[in-house]
There are 2 protein chains.
Amino acid sequence: MHTSLESHQYLRQHSIKPSVQRTAVMDYLMKNRTHPTVDEIYSALSPSMPTLSKTTVYNTMDIFVEKGAVRALVIDEKNSRYDVDVSAHAHFICKSCGKVFDIFNLKPVLFQLPKDTPFKIDSVEISYSGICDSCKGN
Amino acid sequence: MHTSLESHQYLRQHSIKPSVQRTAVMDYLMKNRTHPTVDEIYSALSPSMPTLSKTTVYNTMDIFVEKGAVRALVIDEKNSRYDVDVSAHAHFICKSCGKVFDIFNLKPVLFQLPKDTPFKIDSVEISYSGICDSCKGN
DNA sequence: TCAATTTGTGTAATGAGTACAAAGATATAC
DNA sequence: GTATATCTTTGTACTCATTACACAAATTGA
């Protein structure tokens, strides 16, 4: 596996020092838009990077989220999942297979933050759930 | 602590056999609209019900959710939280103190399920996050 | 009353995530 | 270039929410 230039640049754009590990993780995220868990990222990279530690993947994801390069999704009760697309869109989780899908093209009003609350709101997460197309037949 | 009649009736309405434990848990949920975790429910009831097992609370919550008497919230990455109000409303989690608050009075359009997707969508969860009023000063 | 079924309990196991300290890599100063 | 400080990575041990499971207790129905 060879990492692309984009991941390297994307990290720099978000003030993240691009180490070998960070670039590999970011590259995986950019090429696999499946909202992977830490375990999935680790398992995918581990064969070609045998010394990679799962702790490193955890640390890396924390930095990515903190720097705004990645969104942490709270939609799967089992694991944290990550999305390198930080633009306004929603997610759908299939209660049968557990996969998480993007939902684009929703009305912009859905992503507006409510103003008349006592809270300082700074983000919104819209999560749908049900059964995905592949699981419908089963 | 004496359980109210409403919790008993509410359980029957949802085809849940009202055992002593289930009634106590439901009563706690109806009187404490704080979106408690299993641990919080257990800790609150345990003193007046010394033989209560945490496993029972887990089982009970599973039944409540399955029967539609309670909504499981996926908003706190640490714990599952539960809301006895199953009507359409959103939630806000304070990233500082971790408390979860209700947000009512949002436009009904927010809770409409998107139609042009390949998925069989049957629920939506709208979660805001930021800093709550009490934590603002700190 | 007795047997069958449902519900509750306690213990042990699982598994995601974190704490921490040591090792390795990178940057900076001289 | 070498020494030093800082940042990053790694492995191990730990925490803690949740689940598995087997047995006990309660309830139901003949």
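A note on names: the letters A, B, ... follow the listed sequences, proteins ahead of strands, and every chain is numbered from 1.
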- Task: On the 0 to 90° scale, with breaks at 30° and 60°, tag the H14(A)-Y10(A) ring pair as parallel, tilted or perpendicular.
- Result: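 Taking Y10(A) first and then H14(A), their aromatic rings sit tilted (interplane angle of 30° to 60°).
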- Parallel, tilted or perpendicular for F101(A) and F92(A), by the 30°/60° rule?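 F101(A) and F92(A): tilted rings.
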- Looking only at side-chain N and O atoms, does T56(B) come under 4.0 Å of OP1 or OP2 in dT9(C)? yes
Would you kindly give the [atom1]-to-[atom2] distance between [X] and [N], to the nearest whole Å?
X	N	atom1	atom2	value
N59(B)	dA22(D)	CG	C1'	13 Å
I41(B)	dA17(D)	CD1	P	13 Å
M61(B)	dT19(D)	CE	P	12 Å
I16(A)	dT9(D)	CD1	P	11 Å
Q21(A)	dA23(C)	CD	C1'	13 Å
F64(B)	dT7(C)	CZ	P	12 Å
R22(A)	dA25(C)	CZ	P	15 Å
D76(B)	dT18(D)	CG	C1'	14 Å

- Query: Do other residues, nucleotides or ligands put more than 12 heavy atoms under 6.0 Å from R33(B) CZ?
  - Reply: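 It does: R33(B) CZ has more than 12 such atoms within range.
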- Message: With a 6.0 Å cut-off (strictly less than), is the heavy-atom count around CD of E77(B), excluding the residue itself, greater than 12?
- Response: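 Open: at most 12 neighbouring heavy atoms sit under 6.0 Å from CD of E77(B).
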- Task: Determine which pairs satisfy salt bridge (charged side-chain N to carboxylate O under 4.0 Å, His left out) with at least one residue from residues 104-122 of chain A, sequence neighbours left out, and list them in order.
- Result: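 Residue pairs passing salt bridge (charged side-chain N to carboxylate O under 4.0 Å, His left out), neighbours aside: K120(A)-D122(A), D122(A)-K95(B).
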For nucleotides 14-18 of chain C, tabulate all protein N/O to nucleotide N/O atom pairs closer than 3.5 Å, reporting atom names and distance.
| residue | atom | partner | partner atom | Å |
| --- | --- | --- | --- | --- |
| dG17(C) | OP1 | S80(A) | N | 2.8 |
| dG17(C) | OP1 | S80(A) | OG | 3.4 |
| dG17(C) | OP2 | Y58(A) | OH | 3.1 |

- Task: Answer yes when D83(B) and R71(B) have at least one side-chain N-carboxylate O distance shorter than 4.0 Å, and no when they do not.
- Result: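 No, D83(B) and R71(B) are not salt-bridged.
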